[in-house]
Engineer: 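I have a structure here, written as structure tokens, and I will follow up with some questions on it.
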Amino acid sequence: MAAPSPLSLIARIGGRLILWPVAAVATLATFFLLIAWIGSSLPRNREWRAPADGIAIMVESNGVHTGIVMPVISPVHDWRATFPSAGTPRDADGWMPTHIAVGWGEKEVFLETPTWADLKLSTALRIAVSGGPGLIRVSHYVNPQPSPHHRVLLLRPAEYARLAQRIAAALPPLPPGAARPTYPGFEPASRNYDAAGRYTLVNTCNQWVADTLAHAGVRMGRFTPLAGGVMKWIPEHHEQVRARSAAAVRDTRRRPG
């Protein structure tokens, strides 16, 4: 049998050098998904049950990112004092928002990445290695309705107060009398606010939502870096319950002036 040529040896070694990093990344990704599945299945606030009546919020998901939808005004908290944009007409249509959706994420991604196709490789590598600064995105809704992607959750007033306190605490303090700065977003009817915390692969937008809900007392998984790990704790309602929940979140639409 003839000895392999130098070129074939180089090609074989080069192929192995390429395959080893690919195999290592695939192994790490599989391990991460396994840990995420296990961690999201371990409950916090195991004994919690939703009340028969209360303040209706929603947990929303687009399959990748989750957020918390809340009425702008309730007997417990007025979000116009926390997020000034909640008290102004939407630029897109002039309607006053009845609800806000609050989500937390990585600053550069929220401000400069409208789609996954726009995500820079350098940004992805930076987040994977060292993470990035946090940002809160506030979307402004008018009469959002329950759906498989917007699931209703009823909270007791004390639970909603803890939820509001946790969200407000994610904003950096301001000097007396100073206005809170905002950044325009690529999503219609949204504004972005500076936030505490650092986004990493284990401290993701979905982990932030889960930690915020758990702080309020809601039953939630312990490690939920992925959207599915959050949403599996928020059941879809049957039609009768859904109709009652829709009535709970309904509000009168208002135009300015």
Side-chain angles (χ1 to χ4, degrees), residues 32 35-36 39-40 44 57-70 77 79-86 97 99-116 118-141 160 162-175 178-216 218 220-231 233:
F32 178 80
I35 294 299
S40 67
R44 291 179 279 184
I57 70 169
M58 287 189 281
V59 181
E60 66 175 5
S61 172
N62 62 8
V64 176
H65 174 80
T66 55
I68 303 172
V69 182
M70 300 163 291
H77 192 81
W79 286 107
R80 296 174 299 182
T82 308
F83 301 112
S85 58
H99 292 71
I100 58 170
V102 177
W104 180 89
E106 204 277 334
K107 186 172 185 176
E108 182 181 340
V109 173
F110 266 4
L111 296 180
E112 302 179 16
T113 313
T115 68
W116 285 113
D118 299 303
L119 180 63
K120 301 174 185 176
L121 178 60
S122 58
T123 301
L125 291 175
R126 173 180 58 76
I127 292 173
V129 173
S130 62
L135 196 75
I136 282 182
R137 180 165 61 204
V138 178
S139 299
H140 305 85
Y141 295 162
Y160 187 74
R162 290 196 295 270
L163 183 83
Q165 179 273 330
R166 177 82 172 202
I167 293 172
L171 297 169
L174 290 175
R180 189 168 295 283
T182 67
Y183 308 92
F186 52 80
E187 287 194 353
S190 69
R191 299 294 296 181
N192 297 283
Y193 294 80
D194 287 319
R198 190 166 186 83
Y199 185 102
T200 66
L201 289 182
V202 296
N203 188 39
T204 65
C205 55
N206 304 306
Q207 187 66 47
W208 184 87
V209 167
D211 290 344
T212 301
L213 292 170
H215 180 81
V218 174
M220 182 55 57
R222 293 186 178 278
F223 181 54
T224 59
L226 306 177
V230 175
M231 298 306 288
W233 292 98

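All values below were derived from every heavy atom in this structure, side-chain atoms included, with hydrogens, water molecules and symmetry-related copies excluded.
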Engineer: Indicate yes or no for a side-chain donor-acceptor contact from Q207 to the backbone of R222 under 3.5 Å, with no hydrogens or angles considered.
Structural biologist: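 Present.
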
Engineer: Nearest 0.5 angstrom please: H140 NE2 to E187 CD, how far?
Structural biologist: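 Between atom NE2 of H140 and atom CD of E187 there are 11.5 Å.
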
Engineer: If only atom types and distance count, is the side chain of R162 paired as donor or acceptor with the main-chain N or O of A214 below 3.5 Å?
Structural biologist: no

Engineer: For residues V218 and I57, determine if any side-chain heavy atom of one lies less than 4.5 Å from a side-chain heavy atom of the other.
Structural biologist: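 Counting from C-beta outward, V218 and I57 never come under 4.5 Å.
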
Engineer: Would you call K107 and D194 a salt bridge, using N to O less than 4.0 angstrom?
Structural biologist: yes

Engineer: Between atom CG of L111 and atom CZ of R137, what is the distance when rounded to the nearest 0.5 Å?
Structural biologist: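 L111 CG to R137 CZ: 9.0 Å, rounded to 0.5 Å.
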
Engineer: Evaluate V102 against F83 for side-chain contact (heavy atoms from CB on, under 4.5 Å), listing each step before the verdict.
Structural biologist: CA-CA 10 Å; V102 177; F83 301 112; 4.1 Å; yes

Engineer: Roughly how far, to the nearest 0.5 Å, is the CD1 atom of I136 from the CD1 atom of I100?
Structural biologist: 9.5 Å

Engineer: Taking all heavy atoms of A36 and all of P225, pick out the closest pair and write down the distance.
Structural biologist: CB-CG, 3.7 Å

Engineer: Let's go through H215 and L163 carefully: what are the C-alpha distance in whole Å and the side-chain angles of both, what is the deciding distance for side-chain contact (heavy atoms from CB on, under 4.5 Å) to 0.1 Å, and is it a yes or a no?
Structural biologist: CA-CA 7 Å; H215 180 81; L163 183 83; over 6 Å; no

Engineer: Taking the ring centre of each residue, are H65 and F110 less than 6.0 Å apart?
Structural biologist: yes

Engineer: Can you check whether F223 reaches V202 side chain to side chain, under 4.5 Å on heavy atoms?
Structural biologist: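 Side chain of F223 against side chain of V202, heavy atoms only: contact under 4.5 Å found.
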
Engineer: If you define the side chain from C-beta out and look only at heavy atoms, does anything of Y199 sit under 4.5 Å from T204?
Structural biologist: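 They are in contact (side-chain heavy atoms under 4.5 Å apart), so the answer is yes.
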
Engineer: Examine distances only and state if a side-chain atom of T123 and a backbone atom of L119 form a donor-acceptor pair shorter than 3.5 Å.
Structural biologist: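 Judged by distance alone, no pair lies under 3.5 Å.
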
Engineer: Please examine the side chains of T115 and D118, heavy atoms only from C-beta on, and report whether any two atoms are closer than 4.5 Å.
Structural biologist: yes

Engineer: Using modelled atom types only, decide if a donor and an acceptor are shared between the side chain of W79 and the backbone of A164 within a distance under 3.5 Å.
Structural biologist: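 Looks like no, no N/O pair under 3.5 Å.
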
Engineer: Step by step, work out the side-chain contact (heavy atoms from CB on, under 4.5 Å) result for M58 and Y141.
Structural biologist: CA-CA 12 Å; M58 287 189 281; Y141 295 162; over 6 Å; no

Engineer: Show, in sequence, the C-alpha distance, side-chain angles and deciding distance for R126 and K120, and conclude whether the side-chain contact (heavy atoms from CB on, under 4.5 Å) test is met.
Structural biologist: CA-CA 10 Å; R126 173 180 58 76; K120 301 174 185 176; over 6 Å; no

Engineer: Output the distance between atom CG (N203) and atom CZ (R198), rounded to the nearest 0.5 Å.
Structural biologist: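 One gets 10.5 Å once the value is rounded to the nearest 0.5 Å.
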
Engineer: Are S139 and H99 side-chain neighbours, meaning at least one heavy-atom pair lies under 4.5 Å?
Structural biologist: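 No - every pair of side-chain heavy atoms lies 4.5 Å or more apart.
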
Engineer: Identify the heavy atoms of V109 and F186 that sit nearest to each other, and give their distance.
Structural biologist: O-CE2, 3.7 Å

Engineer: Search all heavy atoms of A227 against all heavy atoms of S61 and return the closest pair with its distance.
Structural biologist: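 What the structure gives for the nearest pair is CB-OG, 3.8 Å.
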
Engineer: Look up atom CZ in R166 and atom CG in D211, then write down how far apart they are to the nearest 0.5 Å.
Structural biologist: 5.5 Å

Engineer: Testing the 3.5 Å rule here: is there a donor-acceptor pair between the side chains of R191 and S85?
Structural biologist: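 Side chains of R191 and S85: no pair found under 3.5 Å.
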
Engineer: Under a 4.5 Å cut-off applied to non-hydrogen side-chain atoms, are I167 and T82 in contact?
Structural biologist: no

Engineer: Between E106 and T113, is any pair of side-chain heavy atoms under 4.5 Å apart?
Structural biologist: no

Engineer: Could you grab the distance from atom OG1 of T66 to atom CG of L226, nearest 0.5 Å is fine?
Structural biologist: 10.0 Å

Engineer: Quick one about T224 and N206 (side-chain donor to acceptor, distance below 3.5 Å, no hydrogens or angles considered), yes or no?
Structural biologist: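 No pair is found: no donor N or O on one side chain lies under 3.5 Å from an acceptor on the other.
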
Engineer: Which heavy atom of R44 sits nearest a heavy atom of G221, and at what distance?
Structural biologist: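 That closest heavy-atom pairing would be NH2-O, 2.9 Å.
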
Engineer: Decide yes or no for T182 and V138: does some side-chain heavy atom of the first lie under 4.5 Å from some side-chain heavy atom of the second?
Structural biologist: no

Engineer: Ignoring hydrogens, what is the shortest heavy-atom contact between A101 and V69? Give both atom names and the distance.
Structural biologist: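 That closest heavy-atom pairing would be CB-CG2, 3.8 Å.
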
